[in-house]
Amino acid sequence: MPIKSSAQRIQEMEKLVDLSEQLTRLAEQSNWPEVNRLSLQREQRLEQFFSNEISTDIRETVIDAISRIRFFDEETVRLVKKNREALGEGIIDLLAHKRRIKNYISNQH
């Protein structure tokens, strides 16, 4: 594999930031299949990026990018937790509704 220039590495890192922002936007839209797909893609790119040494001339840029990625990740995690809570409440409502139907049917006989 050819050695990449610092400019190419910075471009790769910015793409990772962009993917992280896209994940947050998709989570805001509750597009969970796309969140999952894009998350896997981003993880692969992160592994590829960090499998090579980070040259000193781009370290500060990478540190800044990691900080932005963490910001988006924290927001995405918050949205995922919110969705889980909503799903949990929905399940509880469905179970209560099912019990009411069952009680109604049993009272009809």
Side-chain angles (χ1 to χ4, degrees):
M1 181 184 282
I3 297 176
K4 295 182 180 179
S5 70
S6 292
Q8 288 172 313
R9 299 280 285 158
I10 290 171
Q11 190 175 29
E12 288 176 347
M13 195 72 224
E14 286 303 318
K15 179 62 179 170
L16 289 165
V17 173
D18 290 345
L19 288 172
S20 300
E21 184 175 11
Q22 286 177 35
L23 281 169
T24 301
R25 300 299 162 244
L26 289 167
E28 288 172 342
Q29 299 165 8
S30 298
N31 188 341
W32 307 116
E34 278 301 303
V35 167
N36 189 47
R37 185 194 64 75
L38 195 60
S39 178
L40 293 172
Q41 180 185 345
R42 188 193 68 164
E43 287 305 311
Q44 290 172 342
R45 286 181 176 224
L46 278 166
E47 286 178 21
Q48 288 173 343
F49 184 86
F50 288 106
S51 68
N52 298 305
E53 189 173 327
I54 308 299
S55 62
T56 55
D57 63 322
I58 67 167
R59 278 201 179 126
E60 289 301 316
T61 304
V62 170
I63 289 169
D64 176 63
I66 291 169
S67 175
R68 291 184 286 147
I69 288 170
R70 288 187 67 207
F71 169 80
F72 289 121
D73 283 358
E74 288 169 3
E75 181 62 12
T76 301
V77 166
R78 185 189 68 75
L79 291 165
V80 167
K81 286 180 180 177
K82 181 179 172 184
N83 182 64
R84 280 189 189 151
E85 290 168 2
L87 286 174
E89 291 170 5
I91 289 170
I92 290 169
D93 290 344
L94 284 173
L95 291 173
H97 183 69
K98 184 178 175 182
R99 275 192 304 274
R100 285 192 299 271
I101 291 172
K102 189 176 182 179
N103 288 337
Y104 175 78
I105 291 171
S106 68
N107 289 334
Q108 295 298 314
H109 295 281

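Being a predicted model, the structure only gives us computed values, none of them experimental. Keep in mind that the numbers below use all heavy atoms, side chains included, and drop hydrogens, waters and symmetry copies. One is the number of the first residue; the rest follow in order along the sequence.
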For [X], what residues pass the side-chain contact (heavy atoms from CB on, under 4.5 Å) criterion, not counting sequence neighbours?
| X | answer |
| --- | --- |
| Ser5 | Ala7, Gln8 |
| Arg68 | Glu14, Val17, Asp64, Ala65 |
| Glu28 | Thr24, Arg25, Leu79 |
| Phe50 | Met13, Leu46, Ile54, Val62, Ile66 |

Establish whether Phe49 and Phe71 are linked, either directly or via other cluster members, by ILVMFWY side-chain heavy-atom contacts under 4.5 Å.
->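 Hydrophobic grouping puts Phe49 with Phe71.
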Same apolar cluster (I L V M F W Y, side chains within < 4.5 Å links), Trp32/Leu19 |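 Yes, Trp32 connects to Leu19 through the hydrophobic network.
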May I have all residue pairs that pass salt bridge (charged side-chain N to carboxylate O under 4.0 Å, His left out) and include part of residues 50-61, sequence neighbours excluded?
-> none
Restricting to pairs with a member in residues 32-45, which pass salt bridge (charged side-chain N to carboxylate O under 4.0 Å, His left out), not counting sequence neighbours?
->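 Sorted pair list: Glu34-Arg37, Arg42-Asp73.
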Look up atom OG in Ser20 and atom CD in Glu75, then write down how far apart they are to the nearest 0.5 Å.
-> 13.0 Å
Crowded around Gln29 CD? As in, over 12 foreign heavy atoms under 6.0 Å?
-> yes
Measure from the side-chain N and O atoms of Ser51 to the backbone N and O of Gln48, and report whether any donor-acceptor pair falls under 3.5 Å.
-> yes
Reference residue Ser6; test side-chain contact (heavy atoms from CB on, under 4.5 Å); the match among Thr61, Thr56, Ile58 |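 When Thr61, Thr56, Ile58 are each tested with Ser6, the side-chain contact (heavy atoms from CB on, under 4.5 Å) holds only for Ile58.
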Residues in salt bridge (charged side-chain N to carboxylate O under 4.0 Å, His left out) contact with Glu12, at least two apart in sequence or another chain | Lys4, Arg9
Are Leu23 and Phe72 close enough that some pair of their side-chain heavy atoms sits under 4.5 Å apart?
->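 No, side chains not in contact.
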Only counting residues at least two apart or in another chain, list the ones meeting side chain to side chain donor-acceptor pair (under 3.5 Å) with Gln22.
->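 Listed in chain order: nothing, the list is empty.
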